[in-house]
Amino acid sequence: MSTPFSISEAELDELRARYRHERDVRMTKRRAKARKSTATLADVGLSEADPHMPPIHREPLTDEVDVLVIGGGLSGILSGAHLRMRGVQSIRVLDKAGDFGGVWYWNRYPGAQCDVESYIYLPLLEETGYIPTEKYTRQPEILDYCRKAARHFDLYRDTCFQTQVTGLEWDERRRRWTVHTDRGDAMRARFVLMANGPMDKPRPPAIPGIETFRGHAFHSSRWDYEYTKGSAEGDLSGLADKSVGIIGTGATAVQIVPHLGRSAKQVYVFQRTPSTVAPRNNRPTDPSWVASLEPGWQQRRIHNFTALISGVAGLEDLVDDGWTYAFKKLMCNPDFVGLSPAERAARTEVADLELGEEVRARIDSIVSDPATAESLKGYYYYFCKRPGFHDEYLQTFERPNVSLVDTKGAEIERITPDGLVVNGAEYPLDCLIFATGFDINSARTRRAGFDVVGRDGVSLTVKWADGMSSLHGMMTSGFPNLAFSPGVNSQFAPLTINFPTALGEFARHVAFVIAHCIDNEVEVFDVESDAEAGWVQTIKTRSARNDPYSRQRLELLQACIPGFFNNEGRPEDLPETDANFGGSALEFYDMLENWRAEGRFAGLSLEPRRAER
């Protein structure tokens, strides 16, 4: 092992027992899954309004476009860009926000920053001629880049912002989709791309009394700078005389807490489960490195990163960050080459335990108070939660005005008019911030805000009532000329660290199909039922449950603390069909590329244009 930690078998057994204990405690304390909040921000008295853009007034539209893209985040921008590069001109993007950017439009909290290096996170850098200013660039720059990319590909031309889709229906006679919105629109579109991502609907916590709080409260995705002052760069001078509480210790809070610590009179960080926080080691972009770049550099870098996280051992590490450091220990460790699946799984678990000890030792080296340091240590396998990376988060707990309130896996008891109650003690607060993430577990129609009605009046909700079925996780039979991005479905590539890569592969693939239809007088494409059944069988066959190594990794996932990645501690309860492709991301992307290269459009029925509509 390359790790500096060498742990005895007795110590490994102690860690395994500690991990099991932490999981069991949280499984017992975690309220029933129904306790998960199904409320909106407005339901609990929090603002859902767009604080960044005044209302846009326009008349309802009843016109027609070739391609309508729902969502103006990275998925929508990539979809529009690849369509433009294929020569498609009639494109309209709809988004409920006031501009392009998606999560980077809404999430303007202080410290917001990408945790995958910007040179591979921001797509189409060579196409737009842009180089990020830092290895991990910040929200204002990311939002500016989203706008730059949208302008570069002429996506503003026919876009409708502050527009929420309320219904999507297939008109068989016209062979068009009718798109209804909250602006009274009844647009028609030949093709529709659902590029609305999973992090679209802020989730308030399900804490009793939340609506009774008399102080100032808001969700991190609706940051109130009128109250806090400052900007995404910090300097929250409005909090200088305030006692502030923040609920959540995930990736969002990890970035916010250092700014609160520097600005507020008193900060309480309410933690149920600590995050793994490794160094980010951010730095400005080196001009000499930029000068050395050759054409194709970004795709080579993306491919290299994807190969490493796909488990390809022995590669040069072009990105060389906290992500690849962990994957080189756990997934693409050269020491594991040639081992049997059982041997590899066993060695991986030991490496995971050792990596956890390394992370916990870093906490001890930074946080001087033993009790706080211990509370900040996560006792679970490394990828049970998405790891965090930051260079100031742990250091913030050395400030005398910052206190960690650890519930040790329990829920916060209640919110009162004046503060929060945890373990029987009330913490008085002037301001309460909910860094509680987004609704990504409820019904798809609730998250999207609309259902989709395809051929014969069948809705997507009805079709997928017993589990998802698709071709390549992007199209489904009976819903012609419709594609949905990885943020809308599960039968796509494996969970990936750099999500824009998956979004780009989707956009490239769907643009290929749509451009072919437009260029060759194909009016309708639909998925053949046999092909769809074949893909569903592939999902089942390639499931982690049917591969010896992956099955043992699944056992580790079952041993995780409850959370999003393991269906609140019960991954075995998920339908077999509601799973990602069981192979690596690299294998999946290569499969799509080969499908396009063959040019047979296997699995799709292509219906020619009728003489009359």
Side-chain angles (χ1 to χ4, degrees), residues 22 25-49 106-107 109 199-224 227-228 239 242-257 260 264 266-275 375-376 385 402-443 446-447 561-564 567-569:
E22 292 293 330
V25 165
R26 281 161 174 77
M27 287 293 288
T28 300
K29 290 185 175 180
R30 181 69 59 94
R31 305 278 179 97
K33 198 172 181 183
R35 171 69 158 61
K36 284 282 187 183
S37 176
T38 58
T40 65
L41 296 184
D43 290 336
V44 295
L46 300 177
S47 176
E48 281 190 322
W106 294 109
N107 287 280
Y109 56 81
M199 290 181 285
D200 180 59
K201 188 177 289 296
R203 182 187 68 196
I207 302 174
I210 186 173
E211 70 283 352
T212 69
F213 183 63
R214 291 185 300 211
H216 198 78
F218 54 86
H219 190 274
S220 57
S221 69
R222 299 295 189 275
W223 194 274
D224 187 353
Y227 180 83
T228 67
L239 301 180
K242 301 294 192 297
S243 178
V244 180
I246 181 168
I247 298 177
T249 50
T252 295
V254 164
Q255 297 178 98
I256 293 172
V257 164
L260 295 180
Q266 176 67 47
V267 180
Y268 294 104
V269 180
F270 296 95
Q271 169 187 279
R272 184 172 60 190
T273 301
S275 285
S375 289
L376 287 166
K385 291 167 63 78
V402 178
S403 300
L404 180 68
V405 182
D406 186 9
T407 72
K408 301 185 185 301
E411 304 283 351
I412 291 171
E413 291 175 35
R414 66 185 184 277
I415 296 176
T416 72
D418 300 313
L420 260 68
V421 177
V422 177
N423 299 327
E426 183 170 5
Y427 296 83
L429 301 171
D430 300 301
C431 177
L432 181 54
I433 300 166
F434 300 104
T436 48
F438 297 85
D439 180 3
I440 55 179
N441 291 315
S442 66
R446 180 184 181 278
R447 286 181 283 125
I561 53 175
F564 164 67
N567 191 38
E568 300 299 323

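Note: hydrogens, waters and symmetry copies are ignored here, and every other heavy atom, side chains too, is used. The model shown is predicted, which means the values in this text are computed figures rather than measured ones.
Listed here is the closest heavy atom pair of Gly248 and Ala253: O-CB, 3.0 Å. For His219 against Gly437, the heavy-atom pair with the smallest separation is NE2-O, 3.0 Å. Nearest heavy-atom pair, Ser375 versus Asp406, reported as atom, atom and distance to 0.1 Å: OG-OD2, 3.2 Å.
No hydrogens or angles considered: a donor-acceptor pair under 3.5 Å links the side chains of Thr416 and Glu426.
Formation of a donor-acceptor pair under 3.5 Å by the Thr249 side chain with backbone atoms of Thr273 is found in this model. Judged purely by atom type and a 3.5 angstrom limit, Thr436 uses its side chain to pair as donor or acceptor with the backbone of Arg203. Side chain of Arg272 to main chain of Arg26: no donor-acceptor pair is present (N/O by atom type, distance under 3.5 Å, no hydrogens or angles). Within the 3.5 Å criterion, the main-chain N or O of Pro428 finds a donor-acceptor partner in the side chain of Ser243.
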query = So Phe434 and Ile210, side chain to side chain contact (heavy atoms under 4.5 Å, CB included) or not? Walk me through it.
reply = CA-CA 11 Å; Phe434 300 104; Ile210 186 173; 3.8 Å; yes

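A heavy-atom distance below 4.5 Å is not found between the side chains of Glu413 and Pro208. Using a 4.5 Å heavy-atom threshold, the side chains of Pro202 and Glu48 count as separate. Side-chain atoms of Ile256 and Ser220, non-hydrogen and from C-beta on, do get closer than 4.5 Å to each other. Under the 4.5 Å side-chain criterion, counting only non-hydrogen atoms from C-beta, Leu239 is in contact with Tyr227. Annotation: side chain of Thr228 is in contact with side chain of Phe218 (closest heavy-atom distance under 4.5 Å).
Glu211 CD to Leu46 CG: the interatomic distance, rounded to the nearest 0.5 Å, is 10.5 Å. Here the CG atom belonging to Asn423 is positioned 8.5 Å from the NZ atom belonging to Lys408, to the nearest 0.5 angstrom. Put simply, CG on Leu420 and CG on Leu432 are 5.5 Å apart, with the number rounded to the nearest 0.5 Å. Distance check: Cys431 SG to Phe213 CZ gives 7.0 Å after rounding to the nearest 0.5 Å. How far CD1 of Ile561 is from CD of Glu22: 8.5 Å, rounded to the nearest 0.5 Å.
Using bins of under 30°, 30° to 60° and over 60° for the plane-to-plane angle, the ring pair Tyr427/Phe270 lands in the perpendicular bin.
Partner of His216 under the side-chain contact (heavy atoms from CB on, under 4.5 Å) criterion, out of Asp224, Ile433, Leu429, Asp430: Asp224 alone.
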